Each structure stands twice: as structure tokens, then as C-alpha cells.
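One structure is given here, and the rest of the page talks about it.
These numbers come from the heavy atoms of this one structure, side chains and all, not from hydrogens, waters or symmetry mates. Computed from a predicted model, the values in this text were never measured in an experiment.
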Amino acid sequence: MIEIIEPGLATTVQDHGRPGWAALGVPPSGALDRSAHDRANALVGNAPDTATIEVVGGGLRMRALDRHVVALTGAWCVGVPMDVAFTMEPGDVLALEPPAEGACTYVAVAGGVDVPRVLGSRSTDRLSRLGPAPLGRGDVVPVGGASEVCVAASPPPGLVPPRAAPSLIRIWPGPRTDRHVDPLGHLTAHAWEVGRDLDRVGIRLTGSPLVRTRSDELPSEGLVTGAVQVPHDGRPIVMLADHPTTGGYPVVAVVDPADVDLLAHLRPGDRVRFVLVSGAATDEGIT
Amino acid sequence: MERAQILPYGPRAVLVETPWPARCARALADLVGVEEVVPGACTVLVRHDGDPRTVARVRETAGTVDGAGPVDLDSRTVVIDVVYDGADLAAVGSTSGLSTDEVVALHTSVEYVVAFCGFAPGFAYLEGLPAELHVPRRSTPRSRVPAGSVAVAGPFSAVYPMASPGGWNLLGHTDVPVWDTTADPPALLAPGTRVRFRSVSSTRAGAT
């Protein structure tokens with residue numbers, strides 16, 4: 001078991017989430033940076049979907065109450081071993097300072113975080129409040145049995161480099177590009193600044209607002225992770241894992257799936273630009 | 001007439017515009033390569049494996065969907081007992097030029113169908129609301145609408161599955177659990193489910 005001495009700003013349990021329930025209004029949830037989450041699991045010999053602790057903005061202090069094999073990936077924290085499995089003896093304390101670059105660090109423990117599943121997942125959904133509550137001071141986190149786990153002698157193949165905020169994000173056209181003045185041109189021509197109130201639901205961007213060409217309401221329609229939605233004030237919101245399943249604001253673009261993991265490392269004040277995936281500007285494949 | 005229009009949504013999804021979202025979603029859900037379907041008010045979001053053949057399959061199948069036949073294979077209709085004591089019951093009546101008894105009579109007079117879910121787990125948008133009860137959302141949402149609240153806004157009615165902020169007009173409440181993560185399925189109301197409301201005076205409301 002692991003005791004949470006201090007949780008940090010936004011620390012939750014995450015796995016691959018609960019996709020497949022969106023038709024009932026359930027967000028997909030799951031680790032914001034799945035590659036980093038999966039690599040942390042691989043380093044300690046866990047299956048990829050095993051629950052880890054997702055730490056956004058650092059600040060976690062935790063004490064091992066038993067002997068545990070642990071690995072850290074994602075945004076690098078100073079003074080702790082990163083991207084390697086290491087052993088914590090009972091009483092050992094791990095402290096994650098806020099990372100200098102990037103935002104999201106994964107703590108994998110051999111055996112996995114063993115909290116109850118909801119709809120098949122141990123992920124905390126901050127929007128719909130499904131899954132375990134965010135970790136708090138004094139919480140004792142159970143860890144699954146690790147007797148079957150085998151920690152590889154050398155790091156598993158594949159590399160997740162130390163994460164930093166992306167400066168460029170690739171996008172594809174979304175379904176509603178007919179409600180603003182040249183929305184894709186506008187999105188890609190300007191630099192955007194990440195707003196203060198970003199969370200697992202979405203990233204709010206400030207910058208030159210998109211200009212509406214029509215004011216009629218759009219009936220609610222489905223959303224995906226990475227969708228770039230534009231509310232009435234013209235400031236885009238990029239949907240993250242805990243996004244609502246439907247929305248009535250137009251989606252003008254979608255972040256390329258390969259860049260979604262990087263969104264986890266954006267922080268308030270970061271500046272970012274969008275670039276259209278080449279060949280995506282036309283309706284290729286969609287006639 | 002174009003039955004379904006396919007709009008781009010990145011390399012792993014498309015948005016199908018259709019007059020029959022629940023039926024269309026049902027038709028697309030089991031196609032090879034389709035990972036998930038999410039009906040909306042007039043659309044179906046289809047997440048897929050990225051294969052152009054999957055998109056072609058989706059386009060072809062969406063084109064065959066029409067308004068004929070029942071959506072839900074289940075022949076039941078869910079009946080929800082409601083105590084009509086909502087905070088906005090009188091206001092809805094007055095906006096529509098109806099007494100509260102007339103509002104209740106109208107709300108309970110029709111069979112609704114779940115068009116789609118969204119906003120929160122288990123929140124089902126019920127279509128079929130009589131036109132006289134189509135009132136806009138409140139201009140100022142409430143910061144807390146109790147779980148079980150039965151409400152109307154625009155052309156839809158709904159039951160709030162959990163306490164949440166909300167801007168719909170509250171007609172009453174039910175004790176029926178419309179969302180329970182330990183139940184299978186967890187949602188009482190899913191796209192295509194048929195629903196009727198029944199007025200009761202007691203707070204021990206239930207569903208049959």
C-alpha cells in the first residue's frame with residue numbers, strides 16, 4: 001500500500017479509461033498521456049491498461065507502506081529517478097517537484113493501483129465524477145499483488161522522451177467549418193495562449209477570437225478527444241479525456257491522434273500554434 | 001433526397017448527419033471497423049479504425065436508414081412515476097397559457113423516445129414533448145438541480161440522473177434511479193428506449 005502525504009494539485013488514478021459508453025453520456029476518461037502511462041507500466045512489468053497515478057503539475061509526496069517497485073515517466077521531475085524501475089522500501093518517501101517542462105507525470109507501481117472499477121475502469125472522471133475521487137492527503141492507496149510481475153532486466157523497447165509542452169499541434173478539419181470566417185485559416189494563422197483554467201475536461205485557449213458567420217443554434221452532437229470546439233466568444237476549447245460526450249458548439253478541427261498525448265503537457269501561459277495535416281484541407285476520402 | 005451526409009472529423013471518425021440518429025446509430029454500430037457510435041440530435045458520431053473501407057461501409061449503410069420500423073428491439077415502454085411538484089411547473093404553465101393540471105396532463109399524455117444521451121451519464125434527451133410545452137431553457141441555470149428532477153427545455157424532456165447544475169425547467173421529480181453504475185445496463189434510458197410519465201401523489205415513486 002501507498003500513503004498519500006500530499007496529493008499535489010491534480011492527482012488522480014488513471015488507466016485506459018472507459019471508452020464505448022459515450023452513447024449513454026459517459027466520457028472516455030483515461031490517462032491524458034497514454035504513451036507515458038503505458039511506458040511507466042511496462043517499466044514495472046504491468047500490463048498497459050493497469051492503473052497508475054497521474055500527477056499534473058507535480059506536488060505529490062507519497063510514502064511506501066510496503067516494498068514496491070515503482071517507475072516514473074512523462075514530465076521529468078528533479079531529484080527522482082525517471083524512466084527506470086526502482087524499489088521503494090517500507091517508509092521510503094517519493095516527492096515530485098513541479099516539473100520544469102511538461103505537466104503530467106505517471107507513477108506506476110508493480111501490481112497496479114487496486115481501487116474498484118466503475119464501468120470496467122479505475123479512471124477518475126473529473127466531469128461526470130465516475131471512478132475514484134482525486135487522491136487526497138492521508139489516502140491509503142491499495143496496490144495489486146505483484147507476485148506474477150516480472151521486471152525486465154533492460155528497459156522495454158520504445159522511447160517516450162522527457163515531455164515538454166508542444167509548440168505545434170497538428171489538426172484535421174472538423175465537421176463544422178461553415179459557421180465562422182475561414183476557421184481553419186484563422187486557427188493556423190494565429191498563436192494561441194493556454195488559459196488558466198485548463199483541466200482534464202479541456203484546454204481553453206485565448207487569442208484572436210474566431211468570427212461567427214451565423215448565430216443559429218447547433219443541435220447537440222458527439223465530441224471526440226482532441227476536438228477543437230468554438231463557443232460563442234470565439235475562443236477555442238480543445239477537448240481532453242474527460243470531455244462531455246455531446247455539445248452544441250461547432251467543432252472546427254480535430255487534433256491528430258498522434259499529438260493528443262502531447263496536449264497533456266500544456267500549462268497556463270504556454271503558447272501554441274496549429275498546423276493543418278497536409279492533404280487534410282480537402283475532403284479526401286469524404287465526398 | 002440525401003438521407004445521410006458524411007462530414008469529416010479527423011482520421012478516426014466521421015459525423016453522419018441524419019434525420020434518424022437512433023436508428024442510424026443502431027445500423028452502424030456493428031459494422032466492421034466501427035469502434036463506437038454516438039447519436040446526437042440530428043447526427044451520429046462514428047469512431048472508426050481509420051480504414052477508408054470502413055468509411056465507405058459507413059456511408060453506404062447510413063444511406064439505407066430511413067424512418068421506418070421501431071428503433072428499440074425491446075417491446076416494453078418504461079413508465080416513470082413522477083410527483084409533479086417542480087419549481088418551474090407554474091411558470092411553464094403560464095408561458096404556455098395552461099393551468100398546472102393541463103401541463104401535467106399534456107406531459108403524461110404522450111409516449112416519448114430517447115433521441116440521444118449526453119451532458120452527463122444517463123441523461124437522455126426524450127423527444128415527443130407536445131409542442132405546447134416547448135419552452136426555452138431558463139435564462140439563468142440553477143447551480144444545483146436535484147437528482148431525479150423531471151424537466152423540459154426546447155423540444156425535449158429529461159430526467160436528471162445525478163445532482164448537477166442545470167438550466168432546464170423543472171416539472172417534478174421521480175425516485176426511479178435512471179443511472180446506476182452497478183446495474184447492467186447502467187442507464188435506464190438509452191437511445192431508442194420508449195418512455196411514458198405517470199403522475200403520482202406519493203414520493204415512493206417507481207418505474208415499471
May I ask you to check whether over 12 heavy atoms, not counting those of [X], lie within 6.0 Å of atom [atom1]?
X         : atom1 : result
Arg196(A) : CZ    : no
Asp216(A) : CG    : yes
Glu111(B) : CD    : yes
Arg126(A) : CZ    : no

Between Tyr9(B) and Leu223(A), does the side chain to side chain contact (heavy atoms under 4.5 Å, CB included) criterion hold? Intermediate values first, please. CA-CA 9 Å; Tyr9(B) 216 145; Leu223(A) 293 168; 3.8 Å; yes
Considering non-hydrogen atoms only, spot the tightest contact between [X] and [Y] and give its length.
X         : Y         : value
Gly10(B)  : Val254(A) : N-CG2, 4.1 Å
Phe119(B) : Thr245(A) : N-OG1, 4.2 Å
Val38(B)  : Gly222(A) : CG1-CA, 4.4 Å

Please rank Gly174(A), Pro219(A), Ser220(A) by heavy-atom pairs under 4.5 Å with chain B and give me the top one.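 Winner by heavy-atom pair count: Ser220(A).
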Looking at Pro27(A), Gly20(A), Pro175(A), Ala23(A), which has the largest count of heavy-atom pairs under 4.5 Å with chain B?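 Ranked by contacts with chain B, first place is Pro175(A).
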Engaged part of Val224(A) at the chain B interface, taking heavy atoms whose separation is under 4.5 Å: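 Looking at Val224(A), backbone and side chain both touch chain B.
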For Val255(A), is it the side chain, the backbone, both, or neither that has a heavy atom closer than 4.5 Å to a heavy atom of chain B?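 For Val255(A), there is no contact with chain B at all, as no heavy atom is under 4.5 Å.
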For Pro11(B), is it the side chain, the backbone, both or neither that has a heavy atom under 4.5 Å from a heavy atom of chain A?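 Contact with chain A involves both backbone and side-chain atoms of Pro11(B).
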Which answer fits Thr181(B), side chain, backbone, both or neither, if we ask what part of it has an atom under 4.5 Å from a heavy atom of chain A?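 Contact with chain A: backbone and side chain both.
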Given 3.5 Å as the limit, does a donor-acceptor pair link the side chain of Glu36(B) with the main chain of Ala22(A), or not?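 Yes; judged by distance alone, with no hydrogens or angles, the pair exists.
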How long is the gap from [atom1] on [X] to [atom2] on [Y], to the nearest 0.5 Å?
X         : Y         : atom1 : atom2 : answer
Phe123(B) : Ser128(A) : CZ    : OG    : 14.5 Å
Thr225(A) : Arg47(B)  : OG1   : CZ    : 8.0 Å
Phe116(B) : Thr246(A) : CZ    : OG1   : 5.5 Å

Take Leu45(B) and Glu221(A) through the side chain to side chain contact (heavy atoms under 4.5 Å, CB included) test and state the conclusion after the steps. CA-CA 7 Å; Leu45(B) 166 67; Glu221(A) 54 194 26; over 6 Å; no
Residue among Pro121(B), Gly118(B), Gly40(B) with most heavy-atom pairs under 4.5 Å to chain A: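 Result: the option with the highest number of such pairs is Pro121(B).
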I want to check something: taking the side chain as every heavy atom from C-beta on, are Pro19(A) and Glu35(B) in contact at a cut-off of under 4.5 Å?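 Counting from C-beta outward, Pro19(A) and Glu35(B) never come under 4.5 Å.
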